Amino acid sequence: MSPRARFLSLVRDHDVLHVFDAVTDDTLVDFGQGMAYEAIRGEYTAASGLARNLWRIPDDAIELATSAALTAFYPNAGQIVLARPSDATIRELTRVLAVHGLRLSRRD
């Protein structure tokens with residue numbers, strides 16, 4: 001199975017909200033690859049905000065397309081994205097640790 005076919009299968013099979021039903025395959029591939037590229041660059045938050053505000057795409061659908069593209073087109077890039085947590089991830093981790101009486105510290 002080609003990376004394109006794998007991506008389309010992942011998105012079409014898991015789009016339970018049917019957000020992408022009316023979207024052509026070419027457009028969906030372009031969107032997914034663009035979002036994956038922005039995630040690799042560390043600009044996912046800004047790019048997903050634009051997709052959400054400009055095209056009214058729900059966060060779950062944006063995450064689906066992005067993760068499917070990372071899986072299908074850039075299988076090793078997920079390690080890069082996960083190794084570089086976003087500010088929102090760090091804030092959430094700090095909050096969870098605080099609930100348990102712990103705090104996040106940084107070692108350089």
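All values derive from a computational prediction rather than experimental measurement.
- With hydrogens and angles disregarded, a donor-acceptor distance shorter than 3.5 Å links the side chain of T71 to the backbone of S67.
- Both F73 and Y44 are assigned to one and the same hydrophobic cluster, defined by single-linkage of ILVMFWY side chains at heavy-atom distances under 4.5 Å.
- Rounding to the nearest 0.5 Å gives a distance of 4.0 Å between CG of L28 and CZ of F7.
- Cluster membership for V19 and L8, using ILVMFWY side-chain heavy atoms within less than 4.5 angstrom, is shared.
- Side chains of R4 and D26 form a contact here, defined as non-hydrogen atoms less than 4.5 Å apart.
- Annotation: side chain of S9 is not in contact with side chain of R6 (no heavy-atom distance under 4.5 Å).
- In the hydrophobic clustering of this structure, L10 does not group with M1; members are Ile, Leu, Val, Met, Phe, Trp, Tyr whose side-chain heavy atoms approach within less than 4.5 Å, directly or through other members.
- Judged purely by atom type and a 3.5 angstrom limit, N53 uses its side chain to pair as donor or acceptor with the backbone of G49.
- For the atom pair CG of D25 and CG of D30, the computed distance is 11.0 Å after rounding to the nearest 0.5 Å.
- Nearest heavy-atom pair across A69 and Q33 is CB-N, 4.1 Å.
- Annotation: the span from F20 atom CZ to I57 atom CD1 amounts to 5.0 Å, rounded to 0.5 Å.
- Of the inter-residue distances, the one linking Y37 atom OH with R41 atom CZ reads 5.0 Å to the nearest 0.5 angstrom.
- Using a 4.5 Å heavy-atom cutoff, the side chains of F31 and I62 are in contact.
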Check: Which is it for L70 and T66 under the side chain to side chain contact (heavy atoms under 4.5 Å, CB included) test, yes or no, and what are the steps along the way?
Finding: CA-CA 6 Å; L70 284 168; T66 304; 4.2 Å; yes

